[in-house]
Protein chains: 2
Amino acid sequence: MTLVDVAAQAGVSVSSASRALTDKSASVDVRERVQLAARELGYVPDSTARSLKLGASRQVLFAVDDIGNPNYVAMLRAIERTFGYTGPRVSVATVGRDSGTPVDLVEAVSRGRADGLILSPIRRSSLLEERLSSSAIPTVVIGSVSESVQVDSVRIDSGKAIAIAAEHLIARGRRRIAFINGPSDTNPGEVRARGFAQSLRVAGIAADPMLEISAADFTVGAGVVAAHALFERGNYTELPFDAIVAANDLLAMAAINVAVGRGFRVPDDVAVTGLDDTELGSVFIPSITSVSLRAAERGARAAQMLEARFQHPQRPIERVAFEPELHVRASCGGAL
Amino acid sequence: MTLVDVAAQAGVSVSSASRALTDKSASVDVRERVQLAARELGYVPDSTARSLKLGASRQVLFAVDDIGNPNYVAMLRAIERTFGYTGPRVSVATVGRDSGTPVDLVEAVSRGRADGLILSPIRRSSLLEERLSSSAIPTVVIGSVSESVQVDSVRIDSGKAIAIAAEHLIARGRRRIAFINGPSDTNPGEVRARGFAQSLRVAGIAADPMLEISAADFTVGAGVVAAHALFERGNYTELPFDAIVAANDLLAMAAINVAVGRGFRVPDDVAVTGLDDTELGSVFIPSITSVSLRAAERGARAAQMLEARFQHPQRPIERVAFEPELHVRASCGGAL
DNA sequence: TTGAAAGCGATACCAT
DNA sequence: ATGGTATCGCTTTCAA
């Protein structure tokens, strides 16, 4: 069922059929006949052919590691809102371990399928960065990339965010602070570990490997496993920590669940902080003290930058940084 | 940067270039020259042109109302896992109120962009169903569609699920049961309202409009607003309800948060149940009694059905139904 | 093995 | 306003 069929049925040329359907100049008569024919035949234009001819797809791809993470959902909503009804349609691809690497993605999608790409990978790869450098379509990275890569990016120092959380706990008098990190082979995992170590150093607290653990993923499920492992380490009569810094809100929820399940009080026995400042975390009981990574703002900004690059392909590379922001809630004891 | 350029650079014909890159018959010499040229020029094939020629995109689209809902995330993961590494790439489009209607989507994506569509709309529309009937690409609906529409579907009776939750509360001796529903203009909203009413009727409990409220969305944020409204209705000294049935886990979390925030104990003063059986709900404190809608299984099944239709376009329409399953947890008092 | 050329389906230019 | 036709970038017959 192609435009040729519709044109034949309506008794006009394909050119006229095309015009009639895309509402260019066409007589009322032709327009009606063509639209009728299209309806009768159940004609649906082939977007692939149209894109090929037009050289644009009006599609933007948002590629994330795990769309189950509320952080990315917040970004997505902001991106969609920014493009709005008249902008390109945005679709999401997950590029986690299971579902194809970011490189696959950049390959697959590169040209034709989407006009632009917003990419938020958690694992750095030199291959990916190489591909990004010679990217076939406009791209904005939300996250960190090497300075050498010429690509627009929106970043935030999540190591600093972790440090802010840890410092807040220290300021409240907590001294034995545990850390539940995400996977250490990820960029956020690495950065957050450094941020945590740094904050202890500044406070003059000795780092203790027994108090640090990496969850297998930035998910609740992995967090529960990690938290249990943390609580079961060593032989103690008294809990060897009085606070837990979690690498995001999902891990914080898991930590609180496990702590409470083992009979400890949060925040009295163990204070807990998260990262991402999710709505879910603020509704959790106790509500979770969290450092915002400004996901929505970063998403919106990324969309704006992509749009700007569509307009001006030659504009200089732009790298924007946001500042993390602490939101004190009940899980660390509430406002000071 | 097209294949023509690569071919020129390598000093071969486009046909040879194409073969060299798609690994058909080509001499070692040619293959090497072409691949070198491609790398040098930063050539990336245009997927649009390829799809047009091949008549397939190896893409499947998953269209949902709100990917922020853990239920859809569970489906997505199952879909991706089912297609696996060798299957089509799946991308997600949200078709909520803000981001284009499902009809837009079916239009836009219909042909070319994706080989198949898995659609999980929450608002029924005759226009959508009409489009579905004459769908340009294989489609599976997760949710409910009129019997008259000839389309593969995977459904579950969420009204029954709500009834199971309410009946469980009644079995535990709760009698004044409130209901926080999702938006009433959605299909799940309608169905769940009927299921709730039905369960009261069976138990011989009079329905009380003061105890029912619709949240503006199936989200935590909307749930908090609705829960506050519910608690503030009427003038009472004693709480006019001893249980809340929530239309999903997000609304249940919101309800518990608000109840506890107002000084009530869950489940002692108010028992609460959810729907969807999310991981988040099981980690919430108290853990949320919930009726599983088998999101992962439905997602996997939908993917299988789509694959089957790819294989056998003429196979008869298949409609599969799943059964909801109650998971008793702390928010209603735990196991009986 | 290689190259020339047809064609996927739509759009837009150029005549009429 | 309408029709014929080249074209988007790629894959694939068909000959050589």
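Chain naming here is simple, since letters A, B, ... match the order of the sequence lines and numbering starts at 1 in each. Quick caveat, the model's predicted, so the values are computed rather than measured. Computed from heavy atoms alone, side chains included, the values below leave out hydrogens, waters and symmetry copies.
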Sugar-phosphate atoms are those with a prime plus P, OP1 and OP2; base atoms are the rest. Using that split, label each nucleotide of nucleotides 8-16 of chain D B, S or - for protein heavy atoms under 4.0 Å, 5' to 3'. BBBBBB---

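- Arg58(A) places its CZ atom 19 Å from the P atom of dA10(C), with the value rounded to the nearest Å.
- Distances shorter than 4.0 Å separate some side-chain N or O of Ser27(B) from OP1 or OP2 on dT2(C).
- For the pairing with Val34(B), the side-chain contact (heavy atoms from CB on, under 4.5 Å) check across Leu3(B), Asp29(B), Val12(B) returns one residue only, Val12(B).
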Under the criterion side-chain hydrogen bond (donor to acceptor under 3.5 Å, both in side chains), I'd like the reasoning laid out for Ser144(B) against Arg124(B): C-alpha separation, chi angles, the key distance, then a yes or no. CA-CA 8 Å; Ser144(B) 68; Arg124(B) 263 194 197 179; 3.2 Å; yes

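- Between the side chains of Thr94(B) and Glu80(A), at least one donor N or O lies within less than 3.5 Å of an accepting N or O.
- Between the side chains of Ser18(B) and Ser15(B), no donor-acceptor pair of N or O atoms lies under 3.5 Å.
- One side chain, Arg113(A) or Ser51(B), offers a donor N or O that lies under 3.5 Å from an acceptor on the other.
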